Protein chains: 2
Amino acid sequence: MNTRLPAGERREQILDVAVQVFARKGYHGASMNDVAEAAGVTKPVLYQHFDSKQDLYLALIEDVGQRMITAIAKATAGATSGKAMTELGFQAYFRWVAQDHDAFLLLFATQANRDAAATLAIKKITSEAASAIAPLIDVEIDHEKQRTLAHGLVGLAEGVSRRLVERGEDFDPDELGRLVANLAWAGLRAIGPDS
Amino acid sequence: MNTRLPAGERREQILDVAVQVFARKGYHGASMNDVAEAAGVTKPVLYQHFDSKQDLYLALIEDVGQRMITAIAKATAGATSGKAMTELGFQAYFRWVAQDHDAFLLLFATQANRDAAATLAIKKITSEAASAIAPLIDVEIDHEKQRTLAHGLVGLAEGVSRRLVERGEDFDPDELGRLVANLAWAGLRAIGPDS
DNA sequence: CATAACGGTTACCCAAGGGTAACCGGCGCC
DNA sequence: GGCGCCGGTTACCCTTGGGTAACCGTTATG
């Protein structure tokens with residue numbers, strides 16, 4: 001017998017629990033009943049807080065995505081050099097991954113964003129991340145290539161994280177961030193208009 | 001009235017058409033009816049060639065994945081240096097992406113949703129790719145980190161490609177390969193046991 | 001102590017879609 | 001020229017699951 005919760009808290013709890021459920025089963029793999037059960041309530045309760053399954057899912061993506069973005073933004077705010085910013089950024093990202101595997105899976109490894117809207121929502125997040133990265137690529141190179149490379153670096157971090165999360169390994173985010181930042185920074189310095 | 005095809009050819013045609021359908025709509029978004037219609041036949045015909053939807057999907061992944069792997073393997077076979085191999089490899093990869101957007105989307109787009117078996121199948125492909133890359137990271141670094149970075153480079157290529165494919169842009173795979181290979185190679189040279 | 005508000009439940013509807021049983025028609029082959 | 005093989009179709013079954021209508025019990029408040 002779960003306690004009755006006031007609306008606000010119940011909504012938060014549903015969001016909390018839904019991240020895990022969707023991350024583990026994917027969008028289509030998880031039914032609203034699954035989410036409801038995990039939250040300790042029944043289906044109609046979900047619909048009191050969210051208009052539809054898609055609505056719930058989009059709320060999750062927005063929530064989790066913003067959390068990631070702000071974590072990185074905060075970490076890099078005090079950086080004095082591009083290199084330091086790169087390192088701090090990657091470290092913050094890997095810390096975010098290490099802290100909440102489910103959140104990472106929801107955004108990057110989720111087995112079902114077939115929904116056009118969800119795909120768009122995630123694209124918006126990665127695009128925002130890329131926008132933050134792009135200015136660090138200050139070599140002489142045309143703007144389009146710059147943004148493309150920025151998306152590549154997002155993918156780099158994603159690829160690294162995916163392997164670690166899938167293996168369920170413990171890892172040191174700060175050490176890993178240093179390693180990857182080193183790779184990224186040196187790589188970026190090496191490319192130029194002649195590439 | 002579509003012509004009647006011998007079993008072998010029909011099977012090939014279904015695979016061809018199914019790549020496009022699944023790439024565009026995702027696993028759950030595409031129904032067997034959609035695939036059948038696109039192939040110009042009806043549903044039961046699909047089930048004469050494949051046991052289930054999942055069976056068809058797995059066959060596709062295997063098919064497309066192997067095509068990608070061998071394309072890269074062939075391109076890098078004659079390389080004389082690590083740097084040349086890196087460049088040739090990335091170029092072959094981007095050529096593969098440019099040639100067949102649908103194949104790329106099937107394997108890498110988040111929009112192509114997967115169940116557990118499909119996730120595993122795809123993991124196998126990326127892992128194989130990473131295995132090919134890992135030896136190029138011949139710096140003094142422990143084996144686990146080496147493989148993790150290899151997965152990162154797979155992600156790097158994936159991130160770059162995703163943006164280009166999503167934008168429907170034309171791009172020069174050879175030029176792009178040179179650019180990304182430069183980044184990767186220089187990045188890898190820069191990291192060491194002290195990172 | 002009636003009653004309204006609110007959190008929650010039971011029981012259902014209905015469309016979508018994976019999968020199948022039964023049937024059909026033309027072509028090759030003794 | 002009947003016969004069987006083979007590629008194909010029509011029409012259906014049945015589960016899953018998103019979404020909802022109607023109802024219930026507790027608490028608070030006058």
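Computed from a prediction, not measured in an experiment: that's the story for all the values here. Letters A, B, ... mirror the listed sequences (proteins, then strands); counts begin at 1.
- Listed by chain and residue number, B/Arg163 satisfy the side-chain hydrogen bond (donor to acceptor under 3.5 Å, both in side chains) test with A/Glu144 (two or more places apart in sequence, or in another chain).
- To the nearest angstrom, C1' of D/dG8 lies 13 Å from CD of B/Gln13.
- Look at A/Glu158 and B/Arg162 and you find a salt bridge, because one of the NZ, NE, NH1 or NH2 atoms lies within 4.0 Å of a carboxylate O, short of that distance.
- One finds no side-chain N or O of A/Arg4 lying less than 4.0 angstrom from the OP1 or OP2 phosphate oxygen of D/dG25.
- A/Leu5 belongs to no multi-residue hydrophobic cluster, having no ILVMFWY side-chain contact under 4.5 Å with any other such residue.
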Worksheet entry | Protein-to-nucleotide contact annotation, 5' to 3' order, nucleotides 16-22 of chain D [B base; S sugar-phosphate only; - none; under 4.0 Å, heavy atom] | --BBBB-
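- Listed by chain and residue number, B/Phe108 satisfy the ring pair (Phe, Tyr, Trp, His ring centres under 6.0 Å) test with B/Phe104 (two or more places apart in sequence, or in another chain).
- A/His49 places its NE2 atom 11 Å from the C1' atom of C/dC6, with the value rounded to the nearest Å.
- In this structure, CZ of B/Arg10 is placed 12 Å from C1' of D/dT9, rounded to the nearest angstrom.
- Within the structure, salt bridge (Lys or Arg N to Asp or Glu O under 4.0 Å) pairs that include any residue of residues 38-54 of chain B do not occur (at least two apart or interchain).
- Between the side chain of A/Gln48 and the base of C/dG8, at least one donor-acceptor pair of N or O atoms lies under 3.5 Å.
- For the pair B/Lys25 NZ and C/dG17 C1', the computed distance is 12 Å after rounding to whole Å.
- In terms of the side-chain hydrogen bond (donor to acceptor under 3.5 Å, both in side chains) criterion, A/Ser52 has no residue partners (sequence neighbours excluded).
- The CG atom of B/Leu46 sits 10 Å away from the P atom of D/dT9 (whole-angstrom rounding).
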